[in-house]
*Asks:* 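The structure follows.
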Amino acid sequence: MKRYRSIAQDFAQKKLKVETSGDQKGKLGYGNAVYDEEEVRRELCNMVVMHEYPLAIVDHIGFRRYSKALNPTFKMISRNTLKKDIIKIFEYEKSKTMKLLGSTKSKVAITTDMWTSQNQKRGFIAITAHWIDNSWALQSRILRYSFLAYVLLIKII
């Protein structure tokens, strides 16, 4: 029990500090950790994309309370800001992919895939590039993903 008490005391003794100079200016520090609001926003975007959460998650009361509990200084962004941030990340990743494709010396195979979502009755198409990189590892990147306005539904017999 004594060991846990000393850990708690060490934890309680650390103070928050706001960096006022250098490349960490304006960032919030706690001990050795530094809070970077830009990184938090970037990770929020990554989470929404990775788990296919709706953009409206930032409006959910439970998510806002959870975020406030993690860091009371975080300013929650709107859905529109989240969308703009995601599009910025997409454009950055797209330019990286195009540079990567431009520099590859191997052949590139282009494939397409079409499907219909069961719950929304919507059609989608994805165009993917596949190639072998210099270390002989298969690489694949989605070049385009789009909603199809008219869907052909084929009944399998």
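Residues: numbered from 1 along the sequence shown. It should be emphasised that the depicted structure is a prediction, and the values quoted were computed from it without experimental measurement.
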*Asks:* Is it the case that the side chain of Ser67 and the backbone of Arg64 share a donor-acceptor pair, with hydrogens and angles ignored and the cut-off at 3.5 Å?
*Replies:*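 Here the side-chain-to-backbone pair does not exist.
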*Asks:* Taking the six-membered ring for Trp, are Trp115 and Tyr145 parallel (under 30°), tilted (30 to 60°) or perpendicular (over 60°)?
*Replies:* tilted
*Asks:* State the CE-OG1 distance between Met76 and Thr81, to the nearest 0.5 angstrom.
*Replies:* 11.5 Å
*Asks:* Using 0.5 Å steps for rounding, measure from the OH atom of Tyr53 to the CG atom of Leu44.
*Replies:*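 If we round to the nearest 0.5 Å, Tyr53:OH and Leu44:CG are 11.0 Å apart.
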*Asks:* In Å, rounded to the nearest 0.5 Å, how long is the span from CD1 of Ile87 to NZ of Lys94?
*Replies:* 11.5 Å
*Asks:* Do Asp133 and Leu100 have side chains that get closer than 4.5 Å, going by heavy atoms?
*Replies:*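 No, their side chains stay 4.5 Å or more apart.
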*Asks:* Inspect the contact between Lys88 and Glu91 and indicate whether a charged nitrogen and a carboxylate oxygen are less than 4.0 angstrom apart.
*Replies:*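 Salt bridge absent between Glu91 and Lys88.
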*Asks:* Measuring only between side-chain heavy atoms, which start at C-beta, is Val58 closer than 4.5 Å to Ser78?
*Replies:* no
*Asks:* Dump the intermediate steps for salt bridge (charged side-chain N to carboxylate O under 4.0 Å, His left out) on Glu93 and Lys96, then the final yes or no.
*Replies:* CA-CA 5 Å; Glu93 292 296 327; Lys96 268 183 22 180; 3.5 Å; yes
*Asks:* When rounded to the nearest 0.5 angstrom, what distance separates CZ in Arg79 from NZ in Lys83?
*Replies:* 11.0 Å
*Asks:* Which distance, rounded to the nearest 0.5 Å, do you find between the CD1 of Ile127 and the CE of Met114?
*Replies:* 10.5 Å
*Asks:* Please round to the nearest 0.5 Å and tell me the distance separating atom CE of Met98 and atom CZ of Arg141.
*Replies:*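 That separation rounds to 11.0 Å.
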*Asks:* Mind checking whether Trp131 and Leu101 have side chains closer than 4.5 Å, heavy atoms only?
*Replies:* yes
*Asks:* Are the side chain of Ser106 and the backbone of Ile132 linked by a donor-acceptor contact shorter than 3.5 Å?
*Replies:*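 Judged by distance alone, yes, a pair lies under 3.5 Å.
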*Asks:* Does Ile142, at its CD1 atom, have more than 12 non-hydrogen atoms belonging to other residues, nucleotides or ligands within less than 6.0 Å?
*Replies:*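 Open: at most 12 neighbouring heavy atoms sit under 6.0 Å from CD1 of Ile142.
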*Asks:* Heavy-atom count check: over 12 atoms from other residues, nucleotides or ligands less than 6.0 Å from Ile61 CD1?
*Replies:* no
